[in-house]
Amino acid sequence: MINEHHDLIHEFPEHRERIREMKMQDARFSRLFDEYHEVTKTVEKMEAEIEPVCTRTEEEVKMKRLQLKDELYSMLKV
């Protein structure tokens, strides 16, 4: 799973243009977008064992990423 890309463009390629627009026009979306990508970087480091942590911690961070992704997707659908 280390080589999987979880950035929003890979996750929602059909919303590429909408993501770009919302990053520029919606401060809340932009903040959540940035947070999502920071959490994704953290997960990638954990998965690559650059920052080894216990499984529970890794799962909690992954759950946070999923919650952010769901929230961002709900904003994209509007």
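Throughout, residue positions are numbered sequentially from 1 according to the sequence presented.
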Rounded distance (nearest 0.5 Å) linking atom [atom1] of [X] with atom [atom2] of [Y]:
{"X": "Asp34", "Y": "Arg31", "atom1": "CG", "atom2": "CZ", "result": "9.5 Å"}
{"X": "Glu11", "Y": "Arg65", "atom1": "CD", "atom2": "CZ", "result": "7.5 Å"}
{"X": "Ser30", "Y": "Gln25", "atom1": "OG", "atom2": "CD", "result": "11.5 Å"}
{"X": "Glu35", "Y": "Thr40", "atom1": "CD", "atom2": "OG1", "result": "10.5 Å"}
{"X": "Arg16", "Y": "Glu14", "atom1": "CZ", "atom2": "CD", "result": "10.5 Å"}

Less than 4.0 angstrom from a charged side-chain N to a carboxylate O is my criterion; do Glu47 and Lys62 meet it? yes

Would you mind checking if Glu60 and Lys64 are paired as a salt bridge, meaning a charged N to carboxylate O distance below 4.0 Å? no

Side-chain heavy atoms under 4.5 Å apart, restricted to Ile/Leu/Val/Met/Phe/Trp/Tyr: what other residues fall into the cluster of Val78, or is it alone? none

Cluster companions of Ile9 among Ile, Leu, Val, Met, Phe, Trp, Tyr (side-chain spacing under 4.5 Å): Leu8, Phe12, Ile19, Met22, Phe29, Leu32, Phe33, Tyr36, Val39, Val43, Met46, Val53, Val61, Leu68, Leu72, Tyr73, Met75, Leu76

Decide yes or no on salt bridge (charged side-chain N to carboxylate O under 4.0 Å, His left out) for Glu44 and Lys41, but give the supporting numbers first. CA-CA 5 Å; Glu44 289 170 353; Lys41 287 178 191 175; over 6 Å; no

Steps toward salt bridge (charged side-chain N to carboxylate O under 4.0 Å, His left out) verdict (Arg56, Glu59): CA-CA 5 Å; Arg56 181 178 179 180; Glu59 293 303 316; over 6 Å; no

